[in-house]
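No experiment lies behind these values; they were computed from the predicted model shown. The first residue of the sequence shown is numbered 1, and numbering continues consecutively from there. Values reported hereafter were calculated over all heavy atoms of this structure, with side chains retained and with hydrogens, waters and symmetry mates removed.
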Amino acid sequence: MEATAICRPGAAFAPDLAASCRLGGLALLAVLAGVAFISGQSFTLFQLKDQDLPVIVGAGLLLAALSVTGPRLAAPVLWPTWRGVIAGFGLLAAFLWAATYALMSDFGVSYDEVMAGFDMQVYAAGVLAEPLAPEWRAFAVNLVPAFLLNQDAPAAVVSAYLPMNAILRLGFAQLADPALMNPVLFAAGGIALYDIARRQFGGDGGAILVALLLYALSMQALTAAMTPYAMTAHLALNMVWLAAFLRGGRWHVLAIAVGAVATGLHQLVFHPLFAAPFLLQRLLRGEWRLALGYAVAYAVIVAGWIAFPVLAAGVTGTTTVAGGSHAEFFRDRLLPLLLERNPATIPLMMLNMLRFFAWQHLALLPLLLAALPLLNERGHLARPLFLGVALGILMPALLLPYQGHGWGYRYLHGYIGSFALLGALGFAGLREIEPRRAWGMVGVCTLATLAAIGWLTWRIDAFVAPHVKLERHLAQVDADMVIIETEPVFKTLDGRWAANAIDLVRNAPALSDRPLRLSSQTMTGEMAGALCARGSIALVDRDRQKAVGFSLNQPGRSRRFAELAARLESEARAGRCRLVP
């Protein structure tokens with residue numbers, strides 16, 4: 001077995017607890033003050049104000065206070081053991097499974113989550129894309145309004161995402177409730193983190209305990225585990241990959257296999273960016289054979305996953321992907337992202353980073369600052385961990401800073417384990433200088449984190465519940481089809497963000513469920529009239545959505561939807577259409 005050096009703070013590593021807390025608190029409050037001048041990021045800004053604001057303010061003030069004074073606690077008596085960690089994460093997985101129903105109603109709010117279940121049904125049929133009847137091809141975007149691989153009258157439908165998240169869920173569903181998969185993956189990631197921490201910290205039970213606390217009390221990680229998002233799989237597989245990679249020897253085979261699955265979870269770039277800094281470190285150490293072996297393996301893995309959407313696109317009736325050929329995709333979509341900077345990128349990334357830290361253990365930021373001196377120690381584990389985090393921030397800033405729906409900032413989700421290890425390294429340095437005060441800071445921040453988790457749980461329920469109400473209302477409509485008003489809302493009655501029901505337009509790939517749901521967003525009067533021959537139709541406009549309790553702050557029926565409704569009512573009066581009240 002390949003030897004792995006224990007990573008302890010070196011002699012030159014001398015972090016200051018007061019300075020770390022002061023800088024952390026001031027950073028949060030300063031960035032938050034800058035948010036007052038941000039406009040145009042309506043949804044992200046709404047979520048920060050609606051969910052995160054009290055946590056950010058409280059965390060900033062708490063850290064500022066801890067920089068001056070704070071309790072002094074002795075180290076805990078009990079340290080983590082294999083048996084305790086496995087049992088603890090097993091119980092936490094069971095709790096998250098129950099919370100998936102109790103808090104989330106086992107309901108994926110965003111269309112990213114919808115498409116995980118959509119693709120499960122596609123692959124369960126043993127095909128790369130579900131055939132779509134010719135009479136429905138012109139309505140593809142109305143039936144599946146986001147993330148289709150080919151939206152231009154496709155002959156078959158599947159999402160534009162890579163398939164492994166859906167395939168893992170499909171496989172898990174053969175054994176147990178698929179809603180249990182992400183809680184199990186979250187637990188697996190925590191157990192892998194424990195293995196990494198044991199090997200890096202040796203017998204330092206305190207640092208190991210802090211790493212586990214930072215992971216297990218990450219509200220972002222806990223919440224994502226209650227959803228179908230692929231992000232939990234990214235986090236878990238990154239931790240399993242790193243545990244195998246650091247073990248070395250034959251474990252590298254497992255790391256490469258895990259890397260192949262992780263790269264194909266849903267977006268190609270996430271896992272390779274996580275793995276690259278660790279491979280670079282080994283290359284700089286002179287382990288060129290190992291680095292070359294991984295480079296060849298990842299070249300094959302990436303090439304294979306690049307080929308997958310091309311094959312699936314052929315099934316949908318086109319030889320192009322993502323709205324064009326690969327050359328057109330690079331020219332028309334990728335190059336502008338790289339070369340044309342959006343002036344809103346920096347403000348949006350400020351919001352994203354505030355949201356991320358609001359959903360983590362509140363000791364994380366000062367502990368990260370305390371770990372920064374380790375970047376000066378050549379060959380230290382902190383270097384690839386920090387570089388990976390930096391790449392994880394830079395990549396979305398360059399390509400796609402807007403995350404859409406998210407609890408915290410999900411584009412950094414795969415690095416939560418890295419943050420936990422870095423925080424533990426920072427804690428180990430602080431404890432060497434002021435042990436009782438370091439434990440006091442972690443203890444106070446842990447209690448504050450539990451309070452923040454309670455607040456965020458309430459805000460999650462406030463956000464999800466209206467979506468669930470509208471979902472249940474739509475499922476009970478007694479009609480063959482329901483046209484849902486989904487025109488974008490650019491200005492609301494009270495100036496706040498307004499939910500769009502487009503995420504509620506969800507159908508089985510085979511169009512086997514009733515009522516079929518159709519988005520009004522791209523529907524013309526002629527298209528609506530053509531639906532009359534296919535069965536009864538119900539209309540759910542914004543007024544009806546508000547009556548159910550969804551999006552109370554948006555204006556009433558739009559002029560465009562009113563014209564669509566008038567066309568159908570005219571057809572009904574002429575006896576050519578059956579409208580259901």
[X]: what forms a salt bridge (charged side-chain N to carboxylate O under 4.0 Å, His left out) with it, not counting sequence neighbours?
X      : answer
Asp50  : Arg459
Asp119 : none
Glu113 : none

Any non-hydrogen side-chain atom of [X] less than 4.5 Å from a side-chain atom of [Y]?
X      : Y      : value
Leu103 : Asp461 : yes
Phe550 : Glu471 : no
Leu518 : Leu531 : yes
Val505 : Gln521 : no
Phe561 : Ile483 : yes
Met353 : Val31  : no

To the nearest 0.5 Å, how far apart are CE in Met226 and OG1 in Thr232?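 Taking CE in Met226 and OG1 in Thr232, the distance rounds to 9.5 Å.
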Spacing of Phe357 atom CZ and Leu412 atom CG [to the nearest 0.5 Å]: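 It is 8.0 Å, given to the nearest 0.5 Å.
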Would you sort out whether Leu48 and Ile56 count as a side chain to side chain contact (heavy atoms under 4.5 Å, CB included), showing the intermediate values? CA-CA 9 Å; Leu48 183 139; Ile56 297 167; 4.1 Å; yes
When you look at [atom1] of [X], are more than 12 heavy atoms from neighbouring residues, nucleotides or ligands closer to it than 6.0 Å?
X      : atom1 : answer
Phe172 : CZ    : yes
Arg534 : CZ    : yes
Arg578 : CZ    : no

May I ask you to check whether [X] and [Y] show a side-chain donor-acceptor distance below 3.5 Å?
X      : Y      : value
Asn500 : Thr486 : no
His266 : Asp112 : no
Gln403 : Thr44  : no

Parallel, tilted or perpendicular, judged at 30° and 60°: which one describes the rings of Tyr411 and Phe270?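 The arrangement is tilted - the two ring planes meet at 30° to 60°.
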Only distances under 3.5 Å count here; give the side-chain donor-acceptor pairs of residues 176-183 to other protein atoms, sequence neighbours excluded, each with its distance to 0.1 Å.
residue: Asp177; atom: OD1; partner: Tyr101; partner atom: OH; Å: 3.4
residue: Asp177; atom: OD1; partner: Ala179; partner atom: N; Å: 2.9
residue: Asp177; atom: OD2; partner: Trp97; partner atom: NE1; Å: 3.1
residue: Asp177; atom: OD2; partner: Tyr101; partner atom: OH; Å: 2.4
residue: Asn182; atom: ND2; partner: Thr227; partner atom: O; Å: 2.6
residue: Asn182; atom: ND2; partner: Tyr229; partner atom: O; Å: 3.1

Kindly state whether the ring of Tyr415 and the ring of Phe356 have centres lying under 6.0 angstrom apart.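 Ring centroids of Tyr415 and Phe356 are no less than 6.0 Å from each other.
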Is the shortest side-chain N to carboxylate O distance from Arg567 to Glu571 below 4.0 Å?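 Judged by the 4.0 Å cut-off on N to carboxylate O distance, Arg567 and Glu571 do form a salt bridge.
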Got a list of side-chain donor-acceptor pairs under 3.5 Å for residues 126-137, not counting sequence neighbours?
residue: Arg137; atom: NE; partner: Leu132; partner atom: O; Å: 3.0
residue: Arg137; atom: NH2; partner: Leu132; partner atom: O; Å: 3.3

If you look only at distance, which donor and acceptor atoms sit under 3.5 Å apart when one is on a side chain in residues 463-470 and the other is two or more places apart or in another chain?
residue: His467; atom: ND1; partner: Phe463; partner atom: O; Å: 2.9

